[in-house]
Trainee: 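First the structure, which I've put down as structure tokens, then a few questions once you've had a look.
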Amino acid sequence: MSKDKRKNNVVKGTQEKGSAGGEVHQVAGGDHPALTTNQGVPISDNQNSLKANLHGPALLEDFILREKITHFDHERIPERIVHARGTGVHGFFELTESLKQYTTARILTEVGEKTPLFTRISTVTGGAGSVDTPRDVRGFAVKFYTKEGNWDLVGNNIPVFFIQDAIKFPDLIHAVKMEPDRGFPQAATAHDTFWDFISLTPESMHMVMWIMSDRTIPRSLRMIEGFGIHSFRLINDAGESTFVKFHWRPKLGLQSTIWDETVKITGADPDFHRRDMFNAITAGTFPEWDFAVQLFTQEEADKFPFDHLDPTKLIPEELVPLKVIGRMVLDRWPDNFFAETEQVAYCPGNIVPGIDFSNDPLLQGRLFSYIDTQLSRLGSPNFHQIPINAPKCPFGNLQRDGHMQMAKQAGRVAYEPNSLSENAPRETPAKGFTSARITETGEKSRIRAESFADHYSQARQFYTSQTAHEQAHLASALVFELSKVVHVHVREAMVAHLRHIDEDLAWRVAKGLALENVPDAPAAAAPVQKLTPSPALQIIGKMKDTLEGRTVGILIADGSEGSVIQNIKKAVMDAGAAVKIVAPKVGGAKLADKSMLAADGQLAGMPSVLFDAVAVILSDEGAQVLSVESAAIDFVRDAFGHLKAIAVDNGGRALLKTANVGQDAGVVDTNDKDAFIAAAKTRQWDREKLVRTLA
Ligand code: HDE
């Protein structure tokens, strides 16, 4: 190293974008721009502050130090009150079927047109630094940069919500967040204040069924559905309006994890979902969703056995079928997490001509909240000028000034109407936004409509629509959560509600809690209806028979047979999945033919919970060595316990024996590639009764 490259043991270099995964490497030399202060002054030394003498105090005049530290001190902005932890990706929307008959919104009428968008998927309860995998609802927010302005569809991965009126939102969130006197639990519903609030809020029972189902523990953000939840309106060029619900359907199918697996993933990789999305995007396997609508008229809505303006209700697909009208592809990772994912400001109030709101009282409250929160989070009414928030179509008005004004708004005129300017923006009555022509009558009040009173019928419909495996998971989730609740009266109150939903469910939970008193169901505000089950509400029914987008882990050690590894690897990759080699040492293992095979991860840091299926390919000696490694024992035991397919050769089989792992149709020989691929595409549901007691 020459003298001028080194100063006080620090290597000077330039930052270069690496190839794989866009990692940044330090490399010496190169033609790089000068490092400057924010005033553009070149910096000669970024390693040492200015001192009065060699051992003296720092000098106040060191503007370079002061500027750098001051900026650093202000790096953080308030995190979102809810949905603080999120993953954002750029992509596009392409319309495949026109809704011209229903709307003038060009994004929904111009078939083949691609509209850029930015999608952020988030957890709700935890802080920005919390883990990716709590049992939680996922936010599913899409900002479409349409030619007629930004349209934000700010939804969730569940089609209903906890409450019917925005005024209850602060209470709900205070109850679910960490308890204020103790500062825990982080990102969890399994605690007293949440269940206390829920047990006193019957309208939340339908949502409770959804959050206790495996929908809240998804395998990947690429394998979740998205819902706009509220009814919106579409308005056509004759001014007629039609109600609409918006849906996103993942092309990879729906898939969830198993609770025990989720808990272990949380320890193995707190960034499991963000990393999974990053890996998919950087590998060029772009996640895709169908965009679908449910369209219905006021007359049809009047016949529904529920009020569609009540956000605790969904419209079963069997009642109003989904019409697929487009697709969303996520294909570009942001350049900078803060600038884009953190600063993106969604607002359900951002709509475009041809779309309008409904009177859903939760939506109405949301229309106020989001702008208000951005004002304190982003600190200025000019947050729409931040590149990630700015429309990509021309925009301008006569709003002026404010903190962090980035636009140089020229001219003498900042008012309208005016006669002094020829090019100041003006209204456009013909194509500008107009609201649906609705007549509102009646008395002002705080009374909740009678049609919102049925809190249990759709909760029951959800539960009875599930497969037996899913019902058992849901009941067990309730037992898990309520077992963390210390107050017995809260456990009892919840079981009492369950009696309205399904007696069997209530008794399963009561037994799981060893509840001594099983109380009667509380009085219901409306009779509970027996609605027809809707299989579209299942997860298992919506899993796709595919390995695409999945990952298979192959555990090897010194002495493993290279040809067996290659065969399995090829079969898995041909089926569209990725392969990760796991070995006791990350440098790799020396195979039977003495060649080295590098590993993608070390055994202790890459447990089987990170994979959809595993292969264990070991020599007899390798199996012997791993028989005293708890990480190897856990690898196979967890793969079996989490109902995954396992391919084994003789050595692999020996390890299963040491780990006391049984045999079933999902444990196959490495020679039988087809059987392995078929088993890897699903979970071995029948195995579950052998590995855990469910409620
Ligand atoms: Fe939100 N919600 N919310 N919400 N919400 C926010 O806005 C609010 C609700 C949803 O990735 C906040 O920018 C109220 C339902 C998503 O940046 C805040 C009510 C649904 C995101 C806010 C609701 C959502 C938010 C916090 C009850 C599904 C994250 C920070 C009336 C349809 C967007 C922010 C992102 C974020 C308020 C209920 C979805 C405080 C008052 C129902 C996906 O403004």
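Both ligands and their constituent atoms are indexed starting at 1 by order of listing.
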Trainee: Between atom CD of Gln385 and atom CE of Met406, what is the distance when rounded to the nearest 0.5 Å?
Mentor: 7.0 Å
Trainee: Heavy-atom distances under 4.0 Å decide this one: backbone, side chain, both or neither, for Ile229 against ligand 1?
Mentor: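 Under 4.0 Å from ligand 1, Ile229 contributes side-chain atoms alone.
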Trainee: Parallel under 30°, tilted from 30 to 60°, perpendicular over 60°: which one fits the rings of Phe246 and Phe291?
Mentor: parallel
Trainee: Judged by atom type as modelled, is there a donor-acceptor pair below 3.5 Å linking the side chain of Thr109 to the main-chain atoms of Thr104?
Mentor: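 No; judged by distance alone, with no hydrogens or angles, the pair does not exist.
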Trainee: Please write down residue, atom name and distance for the protein heavy atom closest to atom 35 (C) of ligand 1.
Mentor: Arg120 NH1, 3.1 Å
Trainee: I need the single residue from Phe272, Trp333, Phe337 that forms a ring-ring contact (aromatic ring centres under 6.0 Å, His included) with Phe278. Which is it?
Mentor: Trp333
Trainee: Apply salt bridge (Lys or Arg N to Asp or Glu O under 4.0 Å) to the pair Asp271 and Arg85, showing each step before the final yes or no.
Mentor: CA-CA 10 Å; Asp271 308 300; Arg85 172 142 188 114; 2.8 Å; yes
Trainee: To which protein heavy atom is atom 7 (O) of ligand 1 closest, and what is the distance rounded to 0.1 Å?
Mentor: Tyr370 CD2, 3.3 Å
Trainee: Just go through Phe161, Phe368, Phe162 and tell me whose heavy atom is the nearest to atom 42 (C) of ligand 1.
Mentor: Phe161
Trainee: Would you call the rings of Phe93 and Phe144 parallel, tilted or perpendicular, where under 30° means parallel and over 60° means perpendicular?
Mentor: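 Judged by the thresholds at 30° and 60°, the geometry between Phe93 and Phe144 is perpendicular.
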Trainee: Taking Lys143 for its side chain and Ile388 for its backbone only, find out whether a donor-acceptor pair lies under 3.5 Å.
Mentor: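 No; zero donor-acceptor contacts below 3.5 Å.
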Trainee: Near Phe140, which atoms of ligand 1 are under 4.0 Å from a heavy atom of that residue?
Mentor: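 What qualifies from ligand 1 is 43 (C).
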Trainee: Which ligand 1 atoms, with their elements, are less than 4.0 angstrom from a heavy-atom of Leu362?
Mentor: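 Those of ligand 1 that fall under 4.0 Å from Leu362 are 27 (C), 31 (C), 42 (C).
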Trainee: Kindly confirm or rule out a cation-pi arrangement of Arg327 over Trp289, judged by NZ or CZ under 6.0 Å from the six-membered ring centre and within 45° of its axis?
Mentor: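 Pair Arg327/Trp289 does not count as cation-pi.
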Trainee: Against ligand 1, does Phe227 come closer than 4.0 Å with any heavy atom?
Mentor: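 Outside the 4.0 Å threshold, so no.
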Trainee: Could you pull out, from Arg80, Gln364, Gln374, the option with a heavy atom nearest to atom 13 (O) of ligand 1?
Mentor: Gln374
Trainee: Using 2.8 Å as a strict upper limit, say whether an N, O or S atom of Ser369 approaches atom 1 (Fe) of ligand 1 that closely.
Mentor: no
Trainee: Quick one: look up the protein heavy atom nearest atom 43 (C) of ligand 1 and list residue, atom name and how far away it is.
Mentor: Gly155 O, 3.2 Å
Trainee: May I ask you to identify the nearest protein heavy atom to atom 41 (C) of ligand 1, giving residue, atom name and distance to one decimal place in Å?
Mentor: Phe169 CD2, 3.3 Å
Trainee: Starting from atom 25 (C) of ligand 1, what is the nearest protein heavy atom, named by residue and atom, and what distance separates them?
Mentor: His83 CD2, 3.2 Å
Trainee: Measure Thr373 to ligand 1 on non-hydrogen atoms and call it side chain, backbone, both or neither using the 4.0 Å cut-off.
Mentor: side chain
Trainee: Please list the nearest protein heavy atom to atom 33 (C) of ligand 1 with its residue and the distance rounded to 0.1 Å.
Mentor: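 The closest heavy atom on the protein side is Tyr346 CD1, 3.8 Å.
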Trainee: Determine whether more than 12 heavy atoms belonging to other residues, nucleotides or ligands lie under 6.0 Å from atom CE of Met178.
Mentor: no
Trainee: Closer than 4.0 Å to some heavy atom of Ala166 - which atoms of ligand 1 meet that?
Mentor: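 Contacts of ligand 1 toward Ala166, numbered from 1: 31 (C).
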Trainee: Looking only at the aromatic ring of each residue, does the gap between the centers of His206 and Phe162 stay below 6.0 angstrom?
Mentor: no
Trainee: Could you identify the single nearest non-hydrogen protein atom to atom 24 (C) of ligand 1 and state the distance to 0.1 Å?
Mentor: Arg366 NH2, 3.1 Å
